[in-house]
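Every chain is numbered from 1, with letters handed out A, B, ... down the list of sequences. Any value given below was found using the heavy atoms of this structure, including those in side chains, with hydrogens, waters and symmetry copies removed.
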Protein chains: 2
Amino acid sequence: MEEILIFGHKNPDTDSICSSMVKQILNEKNGKNNSKAVRIGNINKETEFVLNYLKTEAPELVEKIDDGQKVILVDHNEFGQSVDGIENAKIIGVVDHHRISDFKTSEPLYYTSKPYGCTATILYQDFKAKDLTIDKKEAVLMASAIISDTLLLKSPTTTKHDKIALENLAKIAQIDVESYGLEMLKAGTDLSSFSIEEILNLDAKQVSIKDVKTIVAQVNTASIADVMKKKTELEAGINNIIDEKGIDLFAFLITDIINSNSQVIALGKNASLIEKSYGVKLEDNTALLKGVVSRKKQVIPILTENA
Amino acid sequence: MEEILIFGHKNPDTDSICSSMVKQILNEKNGKNNSKAVRIGNINKETEFVLNYLKTEAPELVEKIDDGQKVILVDHNEFGQSVDGIENAKIIGVVDHHRISDFKTSEPLYYTSKPYGCTATILYQDFKAKDLTIDKKEAVLMASAIISDTLLLKSPTTTKHDKIALENLAKIAQIDVESYGLEMLKAGTDLSSFSIEEILNLDAKQVSIKDVKTIVAQVNTASIADVMKKKTELEAGINNIIDEKGIDLFAFLITDIINSNSQVIALGKNASLIEKSYGVKLEDNTALLKGVVSRKKQVIPILTENA
């Protein structure tokens with residue numbers, strides 16, 4: 001039978017990896033044995049923690065796919081965030097929780113999208129709707145994805161569905177959500193092996209905010225002070241990117257996952273948009289944004305309103 | 001509470017009307033009382049038969065929507081097939097069984113698509129998944145939509161899911177599928193009250209097939225010969241549309257619902273695409289396409305392959 005590849009987005013996060021693996025299992029439980037989870041980028045430190053916890057291997061790396069390859073996308077739909085060659089693939093299914101954009105097919109397909117905090121929450125509901133049992137490994141994968149995407153249910157993207165799913169999954173997974181979750185999130189904050197350029201690119205999204213060419217990059221940390229030790233080098237790296245790409249505003253968010261705040265380093269000729277948007281004063285290019293953790297909900301729309 | 005409008009595509013067919021009405025009921029059964037089925041075009045004769053059978057009113061006509069209006073789309077997603085103003089609406093949900101194209105949102109949303117023969121089959125499964133009861137009226141609405149879209153389960157778009165749904169719905173609806181279905185389909189073939197322009201627009205879809213600007217219009221009939229009596233007037237009407245809209249290929253399908261064939265009238269500078277696609281010779285602009293009944297499965301993809 002023809003193989004179907006299942007994968008999440010580029011620069012895969014824990015939801016992209018775990019939901020691919022769970023979707024493969026879900027298909028198998030539904031009697032479809034020809035699908036295979038793969039990844040289209042490197043495993044990050046947080047996901048590595050999850051895979052080590054489960055003593056399981058990461059999905060195989062795939063960097064380009066053939067024309068006509070059957071695929072299922074999880075945790076993304078925009079072709080710009082997908083694998084090279086996606087335009088000529090045969091997309092037979094999508095499970096996602098993002099806006100729909102830069103996406104099209106020539107045939108009808110399975111598409112399940114819900115405005116939840118995490119793809120894995122949708123998969124959890126699929127298990128429930130079909131009365132399928134969830135084993136410990138599957139529960140750890142889904143719980144880890146939810147903890148990651150919702151920052152331990154503290155991100156404003158969190159819905160009641162994510163909360164219910166995580167509560168039930170934690171029981172099956174036999175994990176204490178707080179302690180397991182913090183350990184997992186902290187593993188993801190280990191920046192020691194990355195260069196300044198890599199740190200600035202780990203999770204960077206370029207968007208046009210009205211006519212302001214903006215990059216909002218983000219790293220999670222358990223200690224803002226620790227990351228701020230590299231402030232001078234980070235600023236130099238940011239200024240290089242601004243010059244190279246003609247960026248008007250580069251906002252680098254250092255997000256404290258314990259206290260749910262972000263320290264922003266803002267550079268570029270439109271840096272004052274940060275001041276106007278959050279009622280703060282940038283001192284030496286930086287300010288604390290209290291309660292801000294979600295780029296999707298608390299940064300892009302606020303900057304857009306104030307631009 | 002803010003009202004949510006639910007509607008199907010332009011030139012609504014029975015699935016578009018019935019699935020809008022059923023989606024409203026489904027929302028209500030899920031405790032959401034602020035949604036309202038509407039329609040964005042005239043009711044056809046087939047749907048009129050269904051509404052008369054149920055002694056129920058058609059949904060209200062809406063021709064344009066306001067910026068920011070919350071909407072749920074059923075039975076379509078392409079903006080070109082939707083209501084005027086859709087670009088600035090807030091699309092919170094879609095239930096559909098077509099390819100995804102010409103569609104985007106700025107926010108995450110509910111999107112359920114399955115490659116089934118009919119939207120109502122997806123809604124039927126939603127009732128089942130949530131253990132909701134289906135009453136007689138709801139069963140008639142969904143059964144009628146399935147009969148219409150699958151031409152009594154004879155169209156190649158039919159899946160086992162449509163068959164199972166129709167079988168179960170027919171019992172609740174207390175209808176004999178064959179006799180009710182044929183009567184309903186035949187009601188839809190009554191073209192006596194329509195002008196030539198109206199006939200050509202009853203179920204017309206404009207699509208770009210590579211760079212060929214194409215309209216594929218379709219009418220159902222119990223007698224191809226009956227419709228072909230108007231061939232001269234139909235051709236004049238088609239040529240008017242071609243001139244007005246700059247169409248490269250207008251394919252008018254006259255589909256025999258008893259014998260499952262279609263007579264095509266093809267005009268426009270790319271009319272030969274029909275010959276190439278089906279291995280037929282257009283004589284006097286027309287040819288019989290044996291076994292062809294589905295625009296979605298047997299026309300659009302075949303033309304696309306051959307364009």
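- Put simply, the side chain of B/T105 gets close to the backbone of A/I100: a donor and an acceptor are under 3.5 Å apart.
- For NZ of A/K130, the number of neighbouring non-hydrogen atoms (other residues, nucleotides, ligands) closer than 6.0 Å is 12 at most.
- Ring geometry, B/Y111 versus A/Y111: the interplanar angle falls from 30° to 60°, so the pair is classed tilted.
- B/E107 places none of its side-chain heavy atoms less than 4.5 Å from the side chain of A/P115.
- The local environment of NZ in B/K160 is sparse, with at most 12 non-hydrogen atoms from other residues, nucleotides or ligands closer than 6.0 Å.
- For B/S106, the part lying near chain A is the backbone, with the side chain staying farther off; criterion is any non-hydrogen pair under 4.5 Å.
- No side-chain donor-acceptor contact under 3.5 Å links B/S101 to the backbone of A/K104.
- Using a 4.5 Å cut-off between heavy atoms, B/K296 contacts chain A through its side chain alone, with no backbone atom that close.
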